[in-house]
Amino acid sequence: QAQLVESGGGLVQPGGSLRLSCAASGSIFSIADIGWSRQAPGKQRELVAQITRGGTTYYADSVKGRFTISRDTAKNTVYLQMNSLKPEDTGVYYCVATIIGRDYWGQGTQVNVSS
């Protein structure tokens, strides 16, 4: 039902910043909770940030204070601003929309934090 397209990944130095974007196929914010999840080789997938239908935000402890999730309803887009990046932030970042208990995933965007 929901189509999600991520962008904004790339290579960045430790301490640097990136902004990821998740463009949705329609006006789904009223019915969907939108999150960002990441996965690195050998590690379990981790939900790092989420914004609910009501606008409540959630952050994993590992990114709290460094990442900010936001949305632009006019553009049907959710953003993840990532500051003070660390090597352990490296991974594939996926946008996920939860609608009536079902998850819809984007294809992911690679983030590499390295010197």
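Predicted model only: the values in this text are computed from it and were never measured.
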Sidechain-backbone polar pair: Gln50 side chain, Tyr58 backbone, donor-acceptor under 3.5 Å: no
Side chain to side chain, Tyr79 and Thr68, heavy atoms closer than 4.5 Å: no
Reported CZ-to-SG distance for the pair Arg71 and Cys22, which is rounded to 0.5 angstrom: 12.5 Å
Minimum heavy-atom distance Tyr104-Leu4, with the two atoms named: O-CD1, 3.2 Å
Parallel, tilted or perpendicular, as decided by the 30° and 60° cut-offs, for the rings of Tyr93 and Phe67: tilted
Beyond-backbone contact of Pro87 with Ser114, side-chain heavy atoms, under 4.5 angstrom: no
Check: Ser25 main-chain N/O paired with Gln3 side-chain donor or acceptor under 3.5 Å: no
CD1 on Ile28 to CG on Asn76, rounded to 0.5 Å: 7.5 Å
Asp72-Thr77 side chain donor-acceptor pair, cut-off 3.5 Å: no
Flag if over 12 foreign heavy atoms under 6.0 Å of CZ, Arg45: yes
Gln39 CD: over 12 foreign heavy atoms closer than 6.0 Å: yes
Leu80 versus Ala49, closest heavy-atom pair with distance: CD1-CB, 3.9 Å
side-chain hydrogen bond (donor to acceptor under 3.5 Å, both in side chains) partners for Arg66, two or more places apart: Asp89
From OG (Ser17) to CD (Gln81), nearest 0.5 Å: 5.5 Å
Trp36 and Leu20: CA distance, side-chain angles, deciding distance, side-chain contact (heavy atoms from CB on, under 4.5 Å) verdict: CA-CA 9 Å; Trp36 287 95; Leu20 307 183; 3.6 Å; yes
Distance in Å, Ser7 OG paired with Arg19 CZ, rounded so as to fall on 0.5 Å steps: 8.5 Å
Sequence-distant partners of Lys64, side-chain hydrogen bond (donor to acceptor under 3.5 Å, both in side chains), two or more places apart: Asp61
Worked verdict on Val111 versus Met82 for side-chain contact (heavy atoms from CB on, under 4.5 Å): CA-CA 10 Å; Val111 172; Met82 306 187 294; 4.0 Å; yes
Ile51 CD1 to Ile69 CD1 distance, which is reported to the nearest 0.5 Å: 6.0 Å
Pairwise side-chain contact, Ser70 with Val78, heavy-atom cut-off 4.5 Å (strictly under): no
Leu85 side chain near Thr90 side chain, heavy-atom distance below 4.5 Å: no
Residue pair Ile34 / Phe29, side-chain heavy-atom distance below 4.5 Å: yes
Partner set under salt bridge (charged side-chain N to carboxylate O under 4.0 Å, His left out) for Glu46, not counting sequence neighbours: Arg38
Polar contact flag, side-chain donor to acceptor under 3.5 angstrom, Thr52-Asp33: no
